[in-house]
Amino acid sequence: MNEYKNVWIYAQVQQGKLSPTAYELLTAGRKLADALGEKLVAVLVGYEVSRFAQDLIEHGADLVYVCEDRALENYLDDVYAKVLTDLVHTYKPNKFLLPATNQGRALSAKTAVFVGTGLTADATEVTIHTEDGQLYATRPTFGGNLMATITCAHTRPEMCSLRPMSYEKAPRMEGRKGEIISFPYQADKHTSLVKFLAFIKTEEDGLDLAEAEVIVAGGRGVGKPEGFALLKKLADRLGGAVAASRAPVDSGWIDYRYQIGLTGRTVKPKLYIACGISGQIQHMAGMSGSDVIVAINKDPNAPIMKVAHYAVEGDLYEVIPSMLETLK
Ligand SMILES: Cc1cc2nc3c(=O)[nH]c(=O)nc-3n(C[C@H](O)[C@H](O)[C@H](O)COP(=O)(O)OP(=O)(O)OC[C@H]3O[C@@H](n4cnc5c(N)ncnc54)[C@H](O)[C@@H]3O)c2cc1C
């Protein structure tokens, strides 16, 4: 196990765009690398991805491995996992962080199986245990009622997928120097059982939640699917996006991709307006990092009213129109 050195992060690229999760992993990875006195390494896999390498260095990577080929243009689990497995066997990283995005969740699991090591999925915090240098990965469990810290004592690398938005993005240090090493794609070895047919983007009807600085979220208290149109008005007025708790998603009032919480998205906007949401722990798991929380609720004793910076007691169908009127 002593042969395994350095902290790796997987810099996800999808449809020609570098995912901002790469910068979050660089923040988390830098803390681990410094605690161990090892290098922070970023891994890029795809087509024409080497153009992101210097940017990763300027955000904290000491070294970037790049595997690029036309055949890697479209993401396929098994091909990418085979590339990562070869990289791991060749360079032997100590820790390996991937983003808990759709791609990262699938890729980390498959790679961990191919490599034969352990993976903590969907962690929200990672630290190095001072006594033995092990990776301690913490994640919510039992429906968010407990935080479990998971270790992988007997195999390397210790792998972990880390929830987006769990760490701040690493700042840019312009002109920072680092090393870039190419790694060959091997058509005969990096094969797939799956054929890529098409990438179909879901229709966007608003801002991406991950990027929104203002989020107006609705819960069961919205009462009906049409109620979200009122929330959308407020969101549009504030330049923000609409989201939801699980209750309206389960009721079919709004699509799952808007769900915030333990089994939905984690967000960190500057302003989170929770309308008709009680504030159960599973919902809070996805939004408690927001800078300012405003809650609109009929029930002054709802848990969200206690964590909100501004708690508005009232019917959302009266409060929101009055907010819109004031904003005019
Ligand atoms: C394993 C597991 C995972 C889960 N994952 C998630 C998750 O990812 N995200 C999530 O959100 N939940 C999740 N849940 C569900 C969670 O426990 C709650 O059931 C859910 O968050 C409740 O949604 P809500 O607050 O909208 O509804 P409720 O708890 O029913 O609250 C509705 C609130 O609306 C208020 N209200 C009613 N009418 C009005 C009105 N006209 N104006 C103002 N206020 C009004 C009420 O006073 C009440 O406080 C999970 C549960 C489990 C067990």
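Start at 1 and go down the list; that is how both ligands and their atoms are numbered.
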Val222, portion touching ligand 1 at heavy-atom distance under 4.0 Å: neither

For Leu316, the ligand 1 atoms whose distance to one of its heavy atoms is below 4.0 Å: 40 (C), 42 (N), 43 (C)

N/O donor-acceptor pair under 3.5 Å between Lys306 side chain and Asn301 backbone: yes

Heavy-atom nearest option to atom 9 (N) of ligand 1, drawn from Leu262, Asn297, Ile260: Ile260

Whether His190 and Tyr185 hold their rings parallel, tilted or perpendicular, with breakpoints at 30° and 60°: tilted

Geometric class of the Tyr75/Tyr80 ring pair [parallel <30°, tilted 30-60°, perpendicular >60°]: perpendicular

Proximity to ligand 1 by part of Gln280, non-hydrogen separation under 4.0 Å: side chain

Atom indices of ligand 1 within 4.0 angstrom of Gly276 heavy atoms, with elements: 26 (O), 32 (C), 33 (C), 34 (O), 35 (C), 44 (N), 45 (C)

Contact atoms of ligand 1, heavy-atom distance to Thr263 under 4.0 Å: 3 (C), 4 (C), 5 (N), 6 (C), 7 (C), 8 (O)

Ser245 N/O to ligand 1 N/O under 3.5 Å: yes

Basic-acidic side-chain contact under 4.0 Å: Asp236, Lys232: yes

Check: Glu68 side chain, Glu48 main-chain N or O, donor-acceptor pair, under 3.5 Å: yes

Enumerated ligand 1 atoms positioned under 4.0 Å from heavy atoms of Gly314: 42 (N), 43 (C)

Charged N-O contact under 4.0 Å between Asp34 and Arg30: yes

Sub-3.5 Å N/O-N/O distance, Pro248 and ligand 1: no

Numbering as shown, the atoms of ligand 1 that approach Asp315 to under 4.0 Å (heavy-atom distance): 40 (C), 41 (N), 42 (N)

Carboxylate-amine/guanidinium contact Arg156 Glu158, below 4.0 Å: yes

Ligand 1 to Ala302 polar contact by distance, N or O atoms, under 3.5 Å: no

Gly261: numbered ligand 1 atoms lying under 4.0 Å from its heavy atoms: 7 (C), 8 (O), 9 (N)

Carboxylate-amine/guanidinium proximity below 4.0 Å for Arg105 and Asp122: yes

Ligand 1 contact by Ala244, heavy-atom criterion under 4.0 angstrom: no

Element-labelled atoms of ligand 1 that are located less than 4.0 Å from some non-hydrogen atom of Gly264: 8 (O)

For Gly219, the ligand 1 atoms whose distance to one of its heavy atoms is below 4.0 Å: 26 (O)

Name of the residue among Thr101, Thr266, Thr124 meeting side-chain hydrogen bond (donor to acceptor under 3.5 Å, both in side chains) with Arg163: Thr266

